[in-house]
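Report on the following structure.
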Amino acid sequence: MSKDLQKVCVIGLGEVGLPTALYIKEKGLEVCGFDISSRATERARAMGIDTVSLDDADADVYVICVSTGFRDSAPDMSPIIDVCRKIAEKNADLVAIESTVIPGTCRKVYNEVFRGKIPVVHVPHRYWAGDPVNHGVKQLRVIGAVNEESLELGVDFYGRKLEIPLHKVSSVEVAEMSKIAENAYRYVQIAFAEELRMICSRLGLDFNEVRGACNTKWNIEILEARDGIKGHCLPKDIRYLASLTEFNNLLKCAISTDQIYQEWIKRGEK
Ligand SMILES: NC(=O)c1ccc[n+]([C@@H]2O[C@H](COP(=O)([O-])OP(=O)(O)OC[C@H]3O[C@@H](n4cnc5c(N)ncnc54)[C@H](O)[C@@H]3O)[C@@H](O)[C@H]2O)c1
């Protein structure tokens, strides 16, 4: 396995893709980017990232940071599949999927789109725009791959070239699952705090005082309850997890608890 992995194309130049491209450039690699949105492309160019059409892109590594969402309330992985169909026509050495996906997506890309010819790793993002220095591109990341060769290339690229600390897992499916599970876990924790706050209010108790008292116990950490669970990642990822099997009772309750809480906040109850 001795591949150069010097030329990188970042696909999807949004909230995580643009800082990713900038970080890779800062590390001395040759970077270009592609996005279907002219706004995203212009913003990237203004920040020093060359942009290309996907047809013209010629890179060793393709880093995929496109948006993922829902179609008819089912997880929609089509933006990933669409860009991978284009990459399949090229001589890529490695494809790194950083977007959040449901388990099975990366292997489907490897088997059905790349026909086993292009190595694939999944390195889900944990980006938090609120603190990009500590929780940005270069934070501890999980890496999983479709096979040993892909994992070696991924570790060489992310670990050695980009100096990103990595937690290796035994399969790409574990990496995919870890991302949606960590966000769903946080969602459930917040929903618990929200419900407790409503219970305390109904009983005339100070939620923050109750929370502070509970949190003096060594294994308890009740979170704050603020304005409801906002942003797109946590609400999307818990729904991805809930969509996978019939074992989703707690997940569905957490989603409806947050809806009830947001209504409660809107009514001005405290
Ligand atoms: N924003 C975060 O904090 C965060 C954190 C962790 C994971 N993620 C995940 O990373 C992925 C990207 O999130 P984001 O916040 O950067 O989204 P975003 O909406 O800010 O950016 C996504 C970009 O992808 C582009 N795009 C969509 N389809 C495309 C296609 N077919 N070809 C080229 N470009 C395409 C869009 O035009 C957009 O500019 C999502 O899967 C998200 O769940 C985001």
Side-chain angles (χ1 to χ4, degrees), residues 8-24 31-47 49-57 59 62-71 74-90 92 95-106 109 113 121-144 158 164 172 175-187 229-241 243:
V8 183
C9 179
V10 178
I11 304 178
L13 296 167
E15 192 168 354
V16 302
L18 180 55
T20 299
L22 291 168
Y23 178 82
I24 297 171
V31 186
C32 66
F34 167 71
D35 200 294
I36 47 171
S37 143
S38 53
R39 234 174 102 214
T41 315
E42 278 158 28
R43 192 175 61 140
R45 266 196 247 122
M47 299 198 61
I49 299 297
D50 290 336
T51 57
V52 288
S53 78
L54 195 45
D55 288 325
D56 293 339
Y62 289 85
V63 175
I64 300 179
C65 298
V66 299
S67 23
T68 47
F70 296 90
R71 184 179 292 167
D76 180 18
M77 300 294 116
S78 63
I80 307 262
I81 306 289
D82 290 348
V83 298
C84 287
R85 285 210 178 98
K86 289 272 181 194
I87 297 169
E89 298 161 10
K90 299 172 183 291
V95 168
I97 298 177
E98 298 197 357
S99 303
T100 304
V101 297
I102 52 164
T105 307
C106 296
V109 164
V113 183
V121 288
H122 183 44
V123 192
H125 241 292
R126 288 171 160 167
Y127 192 82
W128 182 46
D131 182 4
V133 174
N134 295 307
H135 304 295
V137 178
K138 190 185 177 176
Q139 62 178 305
L140 179 63
R141 308 267 293 271
V142 171
I143 184 167
Y158 281 94
I164 293 175
V172 78
E176 292 169 323
M177 185 57 129
S178 73
K179 170 66 199 175
I180 57 174
E182 69 193 25
N183 272 356
Y185 178 69
R186 187 153 177 84
Y187 191 110
I229 304 174
K230 302 280 165 60
H232 58 261
C233 282
L234 262 55
K236 169 161 71 81
D237 296 354
I238 194 169
R239 285 172 174 82
Y240 277 3
L241 188 62
S243 77

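We count ligands from 1, going down the list as the structure has it; atoms in each ligand are counted the same way.
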Check the side chains of His125 and Thr20 for a donor-acceptor pair under 3.5 angstrom, ignoring hydrogens and angles. yes

Say whether Asp82 and ligand 1 are in contact under the criterion: heavy-atom distance to a ligand atom below 4.0 Å. no

What side-chain hydrogen bond (donor to acceptor under 3.5 Å, both in side chains) pairs are there with at least one residue in residues 33-44, not counting sequence neighbours? none

Note: ligand 1 atoms sitting under 4.0 Å from heavy atoms of His125 are 6 (C), 7 (C)

Heavy atom of Arg39 under 4.0 Å from ligand 1? no

Among protein heavy atoms, which sits nearest to atom 13 (O) of ligand 1, and what does the distance come to when rounded to 0.1 Å? Val16 CG2, 4.1 Å

Check contact between Cys65 and ligand 1, using heavy atoms of the residue and a distance below 4.0 angstrom. yes

Examine Arg126 against ligand 1 and note whether any of their N/O atoms are separated by less than 3.5 Å. no

Which residue and atom name correspond to the protein heavy atom nearest atom 37 (O) of ligand 1, and how close is it? Asp35 OD1, 2.6 Å

Residue part near ligand 1, for Ser99, under 4.0 Å between non-hydrogen atoms: both

Can you list the ligand 1 atoms lying under 4.0 Å from a non-hydrogen atom of Ala40? 39 (O)

Using distance alone, with no hydrogens and no angle criterion, decide if Asp55 and Ser53 have a side-chain donor and acceptor under 3.5 Å apart. no

Heavy atom of Phe34 under 4.0 Å from ligand 1? yes

Looking only at protein heavy atoms, which one is nearest to atom 3 (O) of ligand 1, and what is the separation? Tyr127 O, 3.0 Å

Considering only protein heavy atoms, which is closest to atom 26 (N) of ligand 1, and at what distance to one decimal place? Ile36 CG1, 3.8 Å

